[in-house]
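Below is one structure; the comments refer to it alone.
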Amino acid sequence: APRPPRPRKEPQPLVIPRSAAEEQRLRLERLMRNPEKTVPIPEKLNEWAPRPPPEFVRDVMGSSAGAGSGEFHVYRHLRRREYQRQDFMDAMAEKQRLDEEFQKKLERNKMIAEEQTAKRRRKRQKLKEKKLQAKKNKLEQKKQEK
């Protein structure tokens with residue numbers, strides 16, 4: 001049995017966006033043409049991490065005594081990879097330190113804000129009590145006058 005012909009898409013006019021806002025608008029219009037269609041949301045890319053150091057290095061050749069001319073390149077690649085790994089570990093330690101500092105700063109700011117709020121709350125309560133006391137005093141004075 002022959003398949004029915006696929007419905008043809010209507011040709012879209014070519015629009016070249018002149019600004020970032022216009023490009024965003026065009027993308028939104030394209031997404032909203034078919035609202036039932038799922039939108040692909042890209043996942044966060046994993047950060048690059050160096051390969052772990054080898055458990056056992058098989059081709060160890062000394063700096064002399066029979067080291068061939070090709071061994072230097074092997075040594076150079078191993079050294080470069082190790083330096084890269086150390087740099088990565090330093091960068092991760094720095095990032096962790098900065099994250100911890102940021103969290104401490106957030107906690108400190110939160111504590112300061114809570115202290116200010118409590119101080120203002122106490123002040124409001126004091127004023128409220130003062131007003132109530134003044135009202136009671138006024139009522140008592142009226143009772144005494146009568």
Side-chain angles (χ1 to χ4, degrees), residues 1-140:
R3 271 199 258 165
R6 285 177 42 187
R8 293 204 176 262
K9 291 183 180 176
E10 58 185 62
Q12 299 291 326
L14 178 66
V15 179
I16 299 171
R18 288 173 174 63
S19 66
E22 195 172 337
E23 184 176 348
Q24 193 73 19
R25 183 180 56 76
L26 289 172
R27 283 184 183 175
L28 277 173
E29 284 175 1
R30 197 175 101 223
L31 283 172
M32 294 311 288
R33 269 188 224 132
N34 188 359
E36 288 81 39
K37 188 177 175 185
T38 59
V39 179
I41 299 173
E43 291 184 20
K44 184 180 176 190
L45 294 174
N46 292 336
E47 285 188 9
W48 176 87
R51 291 194 314 206
E55 293 289 321
F56 181 76
V57 180
R58 286 172 183 20
D59 50 4
V60 177
M61 186 67 82
S63 59
S64 62
S69 61
E71 297 304 313
F72 169 72
H73 302 292
V74 173
Y75 163 76
R76 187 181 62 177
H77 289 303
L78 286 172
R79 185 183 64 176
R80 179 184 57 78
R81 197 172 295 137
E82 179 61 18
Y83 285 159
Q84 209 172 25
R85 189 180 72 83
Q86 287 176 356
D87 288 343
F88 175 77
M89 288 181 356
D90 290 343
M92 291 305 290
E94 179 68 14
K95 183 179 175 187
Q96 191 173 4
R97 185 184 66 78
L98 290 173
D99 283 347
E100 286 173 5
E101 279 182 18
F102 178 70
Q103 291 301 326
K104 284 179 185 174
K105 189 175 180 180
L106 281 180
E107 285 294 318
R108 192 168 45 245
N109 288 349
K110 192 175 177 182
M111 289 292 293
I112 291 170
E114 285 176 6
E115 286 172 9
Q116 288 286 353
T117 305
K119 187 177 177 182
R120 290 180 180 141
R121 186 184 302 118
R122 283 193 302 271
K123 193 173 180 180
R124 282 194 306 271
Q125 284 298 115
K126 225 184 230 183
L127 284 171
K128 202 173 183 182
E129 288 173 12
K130 212 174 185 179
K131 282 183 181 178
L132 281 173
Q133 192 64 37
K135 201 173 187 181
K136 283 181 184 177
N137 290 343
K138 200 173 188 181
L139 284 174
E140 284 179 18

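Note that the structure is a prediction, hence the values are computed from the model and not measured. Keep in mind that the numbers below use all heavy atoms, side chains included, and drop hydrogens, waters and symmetry copies.
Going from atom CG of Leu26 over to atom CG of Leu31 covers 11.0 Å, rounded to the nearest 0.5 Å. Interatomic distance, Gln133 CD to Lys130 NZ, rounded to the nearest 0.5 Å: 11.0 Å. A distance of 8.5 Å separates CD1 of Ile112 from CD of Gln116, quoted to the nearest 0.5 Å.
Between Glu29 and Arg25 the shortest side-chain heavy-atom distance falls below 4.5 Å. Looking at Leu98 and Lys95, their side chains never come closer than 4.5 Å, going by heavy atoms from C-beta outward. Proximity of Arg122 to Lys119: side-chain heavy atoms (C-beta onward) are separated by under 4.5 Å at one or more points. Residues Glu114 and Met111 meet the side-chain proximity criterion, which asks for heavy atoms closer than 4.5 Å. The side-chain heavy atoms of Lys104 and Glu101, taken from C-beta on, include no pair separated by under 4.5 Å.
A salt bridge is defined here as a Lys NZ or Arg NE, NH1 or NH2 lying under 4.0 Å from an Asp or Glu carboxylate O, and Glu140 with Lys136 fails to meet this definition.
Of the listed residues (Arg76, Arg80, Glu82, Arg81), just one forms a side chain to side chain contact (heavy atoms under 4.5 Å, CB included) with Leu78, and that residue is Arg81.
Remark: Ile16 CD1 is loosely packed, at most 12 non-hydrogen atoms of other residues, nucleotides or ligands lying under 6.0 Å away. Counting non-hydrogen atoms of neighbouring residues, nucleotides and ligands closer than 6.0 angstrom, the CZ atom of Arg79 exceeds 12 such neighbours. Within a 6.0 Å sphere centred on OH of Tyr83, other residues, nucleotides and ligands contribute 12 heavy atoms or fewer. Counted within 6.0 Å of CZ on Arg30, heavy atoms from surrounding residues, nucleotides or ligands total 12 or fewer; the atom is thus considered open.
Donor-acceptor pairing under 3.5 Å is lacking for the side chains of Glu107 and Gln103.
Nearest approach of Glu47 to Met92, heavy atoms of both residues: OE1-SD, 4.0 Å. Across all their heavy atoms, Trp48 and Phe88 have their closest contact at O-CE1, 3.0 Å.
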Audit row: Glu94, Arg97, salt bridge (Lys or Arg N to Asp or Glu O under 4.0 Å) steps and yes/no: CA-CA 5 Å; Glu94 179 68 14; Arg97 185 184 66 78; 2.5 Å; yes
